[in-house]
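Let me begin by presenting the structure, written as structure tokens, before commenting on it.
The basis for the numbers below is simple: all heavy atoms, side chains too, and nothing from hydrogens, waters or symmetry mates. What you see is a predicted model, and the numbers here were worked out from it, not measured in a lab.
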Amino acid sequence: MTRRLFVVLAFLAAAILVSPAAPAAARACKFGYECYTTFYSNPSHTTVVGSLHEDCQGEPTMVGTRSGFKTFQEYPCPR
């Protein structure tokens, strides 16, 4: 019984370590702001692979793909 439990736990640990991580989520845009998130292919930000624009009404527009390498900009909406 103990041996079987050990084998199952070892298998689960290996599966967790091997499974790919999901792309990072974009930062939430605050109410009353227009936000731009740009996603890059690598940490040096040389190649853009996607972008997310959230307008002043909170409507998102996504182009391309998300990645873990990103920049985020926000600007106050005109009143």
Side-chain angles (χ1 to χ4, degrees):
M1 178 71 175
T2 304
R3 185 177 212 180
R4 184 181 298 168
L5 179 62
F6 177 74
V7 170
V8 169
L9 290 176
F11 176 76
L12 289 174
I16 291 170
L17 291 175
V18 174
S19 64
R27 181 175 153 192
C29 190
K30 294 187 280 186
F31 179 74
Y33 283 81
E34 182 174 19
C35 300
Y36 297 90
T37 305
T38 305
F39 298 96
Y40 299 90
S41 64
N42 56 39
S44 60
H45 294 181
T46 54
T47 305
V48 175
V49 295
S51 64
L52 173 64
H53 171 249
E54 296 172 83
D55 64 18
C56 289
Q57 287 73 39
E59 293 294 322
T61 302
M62 179 74 196
V63 176
T65 60
R66 295 176 189 248
S67 75
F69 312 107
K70 62 190 174 195
T71 58
F72 180 80
Q73 299 171 320
E74 62 184 0
Y75 305 96
C77 294
R79 295 189 183 248

*Going from CZ on Arg66 to OG on Ser51, what distance comes out if it is rounded to the nearest 0.5 angstrom?*
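Nearest 0.5 Å value for the CZ-OG distance: 10.5 Å.
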
*Gap between atom CG of Leu52 and atom CZ of Phe72 - 0.5 Å precision*: 8.5 Å

Over all heavy atoms of both residues, which pair between [X] and [Y] is shortest? Give the atoms and the distance, please.
{"X": "Thr65", "Y": "Met62", "value": "C-CE, 3.7 Å"}
{"X": "Gly58", "Y": "Pro60", "value": "O-CD, 3.3 Å"}
{"X": "Ser67", "Y": "Tyr40", "value": "OG-O, 2.5 Å"}

*State, without any angle test, whether His53 and Glu34 hold a side-chain donor-acceptor pair at a distance under 3.5 Å.*
yes

_Under the rule for side chain to side chain donor-acceptor pair (under 3.5 Å), what residues qualify as partners of Asn42, not counting sequence neighbours?_
Ser44, Thr46

*If you link I, L, V, M, F, W and Y whenever their side-chain heavy atoms are under 4.5 Å apart, who else ends up in the same group as Tyr75?*
Tyr36

_Strictly by disulfide bond (SG atoms under 2.5 Å apart), give each pair with a member in residues 43-74 just once, sequence neighbours left out._
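For residues 43-74, and leaving out neighbouring residues, the disulfide bond (SG atoms under 2.5 Å apart) pairs sorted by first residue read Cys56-Cys77.
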
